Amino acid sequence: MEPIVKIIILYDDFKRLSEKQKQSILDSDSEQVGFLISIKNETYEKLSAEEKKELEGFNRTELVPLKVERVATEKIFDLPPVIEIKETKQVFKEKHKKNLRPYCPKNIINRNFNTKKKGGR
């Protein structure tokens with residue numbers, strides 16, 4: 001019985017498959033799907049014995065697979081962004097602390113300023 005769907009794989013893509021993937025293609029004895037490897041007869045004759053042994057069990061064809069543009073699938077729904085809420089416990093003093101300007105020692109601002117009180121009290 002002829003398979004309903006024939007899948008053509010380029011030989012270059014077939015070389016990149018792992019042994020596990022190649023074996024799974026061979027083991028899938030489906031009556032509906034047939035796998036063909038696209039390779040020209042001239043290039044097949046030039047292959048080494050090891051490379052020809054890898055192709056055993058697969059059907060060969062000279063047809064080049066059709067190149068179909070993949071259309072981007074439409075999004076059915078957008079996932080909301082994940083917002084992490086970090087709770088930081090502040091001490092009352094830190095919460096109500098008002099830093100209008102950063103601390104700066106006075107002797108840097110005005111070198112002639114003396115902080116010691118003059119006169120006796």
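Atom set for the values below is all heavy atoms of this structure, side chains included, hydrogens, waters and symmetry mates excluded. Just so we're clear, the structure is a prediction, and the values are computed from it rather than from any experiment.
Taking N59 as the reference, L36 meet the side-chain contact (heavy atoms from CB on, under 4.5 Å) condition, with sequence neighbours excluded.
A single hydrophobic cluster is seen to contain both I37 and V5, as judged by linkage of ILVMFWY side chains at heavy-atom distances under 4.5 Å, directly or through other members. By the criterion of side-chain heavy atoms lying less than 4.5 angstrom apart, applied directly or through intervening Ile, Leu, Val, Met, Phe, Trp or Tyr residues, F58 is grouped together with V33 in one hydrophobic cluster. Linking Ile, Leu, Val, Met, Phe, Trp and Tyr residues whenever their side-chain heavy atoms come within less than 4.5 Å places I7 and F14 in a single cluster.
Atom-to-atom distance recorded for K20:NZ and I25:CD1 is 13.5 Å, nearest 0.5 angstrom. For the atom pair E50 CD and L55 CG, the distance stands at 12.5 Å (nearest 0.5 Å). With rounding to the nearest 0.5 angstrom, the CZ atom of R16 is 9.0 Å from the CG atom of L10.
With contacts defined as side-chain heavy-atom distances shorter than 4.5 Å, the pair T43/Y11 does not qualify.
Contact between E62 and I39 at its shortest, heavy atoms only, is CG-O, 3.8 Å. The two residues I8 and S38 make their nearest non-hydrogen contact at CG2-CB, 3.6 Å.
Applying the salt bridge (charged side-chain N to carboxylate O under 4.0 Å, His left out) test to pairs two or more places apart or on separate chains, those with a residue in residues 51-61 are K22-E54.
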